[in-house]
Engineer: 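I'd like to ask some things about the structure below.
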Number of protein chains: 2
Amino acid sequence: MIRIDERISKSELTYDWIRERIIGREFNPGYRLVLGAIAKELGISVVPVREAVRRLEAEGLVEFERNVGARVAMVNSVEYIDTMQTLGVLEGAATALALPQMSQEDIDRAQSINDSMRAMLESFDPVVFTSLNEKFHRALFHRCPNPHIAELADRGWNRMAGLRSSTFSFVPERAPRSVQEHDEILRLIREHAEPMEIEMAVRQHKWRTVEAYREQGHHAVPSPATAR
Amino acid sequence: MIRIDERISKSELTYDWIRERIIGREFNPGYRLVLGAIAKELGISVVPVREAVRRLEAEGLVEFERNVGARVAMVNSVEYIDTMQTLGVLEGAATALALPQMSQEDIDRAQSINDSMRAMLESFDPVVFTSLNEKFHRALFHRCPNPHIAELADRGWNRMAGLRSSTFSFVPERAPRSVQEHDEILRLIREHAEPMEIEMAVRQHKWRTVEAYREQGHHAVPSPATAR
DNA sequence: GTATCCCAGATCGTATACGGTATGTGATGC
DNA sequence: GCATCACATACCGTATACGATCTGGGATAC
């Protein structure tokens, strides 16, 4: 019997509720998440709200200070760069591991997403473009047989979404190049290139975006690549 | 003035308390963590205990089932293999990124740890050996300038500790080879080999351990063994 | 006018309480 | 003797309550 019930706990509902609002930019970075206020808004008590917030904290979407409260994680260039760098490593590995499980349809789907991206290079909308970009990459690694890596990559993307509504608002000039690199990755996959080569293509693709962002100089902060 | 206070929340204390016991094998995999019982043991209420348990769940040390409760994550071969594989990726990358920050003392310290490991190959104690092994690897990547990767690698090691008190209890025959590979990694670092080469050496080192474990066939047991 | 102190409001951290769900056990019917 | 059902128990999920801590602003001293 299918449980129509399938009831989900209030803390989980709250978790989704807050998270949606962070990802959807309704709650901007720095927005203060007051437990009592959210509880009243949702018509529940503060306990499940608290639990939801702590979970979001564990995933890096929210910052918490003892006896002060929670706020949506701040836009911070260093964080952004670190997250992108980490995601490059994870997603590269996840994609390489997913290769044996990848079907022709998976590849076709990714290709069609990338075609959509190319099509919109003319009338460029950074937010939509960024969202398609995420879809493209998820399509490539979602078959990853190692659930740990897949989940970490997933969290990485969520965190990114929280930190920046749109990567390509900051480095629009990278968009054409990015589409090109996507094609290149798909080509490597189709031609059954060495998994390591594909992994590095994916990683470098992300790292080049970081480079572009860094050179753009949106941040006064020096790169971690300091001299010994 | 330094706050002698520096009071830490009860939920945090509880988190540490439980975690110590899991890592220290006082709570074995499958051990049931009853909120009320722990609360009474520590003389506090269940609320902070609950929070601590959820945090441990987020890190994978504990499994939680709605309306049933929490138990220490089960020894599960698949989980173990996945975790090791992920850790190989993360630690390889973290080590490579740490290279520019690495001092001569760091390298010497790692070398001396490995020497201790070699020394104990004769009278082999898997638990101590595994612990030294962890120290060795942490010594190599702890300078990693990207805190995200470092933290993920850190969590990976903790998770491993929870899943297996000692890797080398299961594949003792790999110990000598492992020491050798450590030397090789140190050699590459000293000779300023390509970061990528070092990253792959670290990754492959871990993956070979997984291979050894897998071939050993210990994992005939899917082991949650509840099968009501 | 500036710095310090103190108080009030806001918000968190934790305790206690209670209803809901799952699990095991003994009674009942066959 | 076996399967089924009902009930008791254990434990979780959430609500409510209250003391603790932080923050900001106004009063006071100089």
Engineer: In terms of side-chain heavy atoms of B:Arg50, which of D:dA15, C:dG13, D:dG13 is nearest?
Structural biologist: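 That would be D:dG13.
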Engineer: Regarding B:Glu59 and B:Tyr15, is there a side-chain donor-to-acceptor distance under 3.5 Å anywhere?
Structural biologist: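 Side chains of B:Glu59 and B:Tyr15: pair found under 3.5 Å.
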Engineer: Rounded off to whole Å, could you give me the CD-to-C1' distance for the B:Glu65 and C:dT21 pair?
Structural biologist: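 The distance from CD of B:Glu65 to C1' of C:dT21 comes to 12 Å, rounded to the nearest Å.
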Engineer: A:Arg54 has an atom CZ; how far is it from atom P of C:dT11, in whole Å?
Structural biologist: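 That distance rounds to 18 Å.
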Engineer: Over all strands shown, is A:Arg32 touching base, sugar-phosphate only, or nothing at heavy-atom distances under 4.0 angstrom?
Structural biologist: sugar-phosphate
Engineer: A:Glu12 CD to D:dC12 C1': how many Å, rounded?
Structural biologist: 15 Å
Engineer: Pick the closest DNA chain D nucleotide for B:Leu33 and for A:Val68 by heavy atoms, then say which residue is nearer the 5' end.
Structural biologist: B:Leu33
Engineer: Tell me if the CZ atom of A:Arg109 is crowded by more than 12 foreign heavy atoms within 6.0 Å.
Structural biologist: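 Not buried by this count: 12 neighbours or fewer within 6.0 Å.
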Engineer: For A:Val47, report the nucleic acid contact type (base, sugar-phosphate, nothing); a contact means any heavy atom under 4.0 Å.
Structural biologist: base
Engineer: Nearest-Å distance, CD1 (A:Ile44) to P (D:dA15)?
Structural biologist: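 These atoms are roughly 6 Å apart.
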Engineer: Calculate, to the nearest 0.5 Å, the distance between atoms CD and CD belonging to B:Glu211 and B:Gln85 respectively.
Structural biologist: 9.5 Å
Engineer: Which whole-number value in Å describes the distance from A:Lys10 NZ to D:dG13 P?
Structural biologist: 13 Å
Engineer: B:Ser9 has a side chain; which of C:dA22, C:dT14, D:dG13 sits nearest to it?
Structural biologist: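 Looking only at side-chain atoms, B:Ser9 lies closest to C:dT14.
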Engineer: With a 4.5 Å heavy-atom cut-off, do B:His205 and B:His182 have their side chains touching?
Structural biologist: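 Counting from C-beta outward, B:His205 and B:His182 do come under 4.5 Å.
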Engineer: C:dT14 phosphate, OP1 or OP2: any side-chain N/O from B:Ser45 under 4.0 angstrom?
Structural biologist: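 For C:dT14, neither OP1 nor OP2 has a side-chain N or O of B:Ser45 closer than 4.0 Å.
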Engineer: Take atom CD of A:Glu51 and atom C1' of C:dG13, then tell me their distance rounded to the nearest Å.
Structural biologist: 15 Å
Engineer: Can a donor-acceptor pair be found, under 3.5 Å and without considering hydrogens, that links the side chain of B:Ser178 to the backbone of B:Arg174?
Structural biologist: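 Judged by distance alone, no pair lies under 3.5 Å.
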Engineer: What is the separation between atom CD on B:Glu57 and atom P on D:dC12, rounded to the nearest whole Å?
Structural biologist: 13 Å
Engineer: Could you check how far CG of B:Asn67 sits from P of D:dC11, rounded to whole Å?
Structural biologist: 14 Å
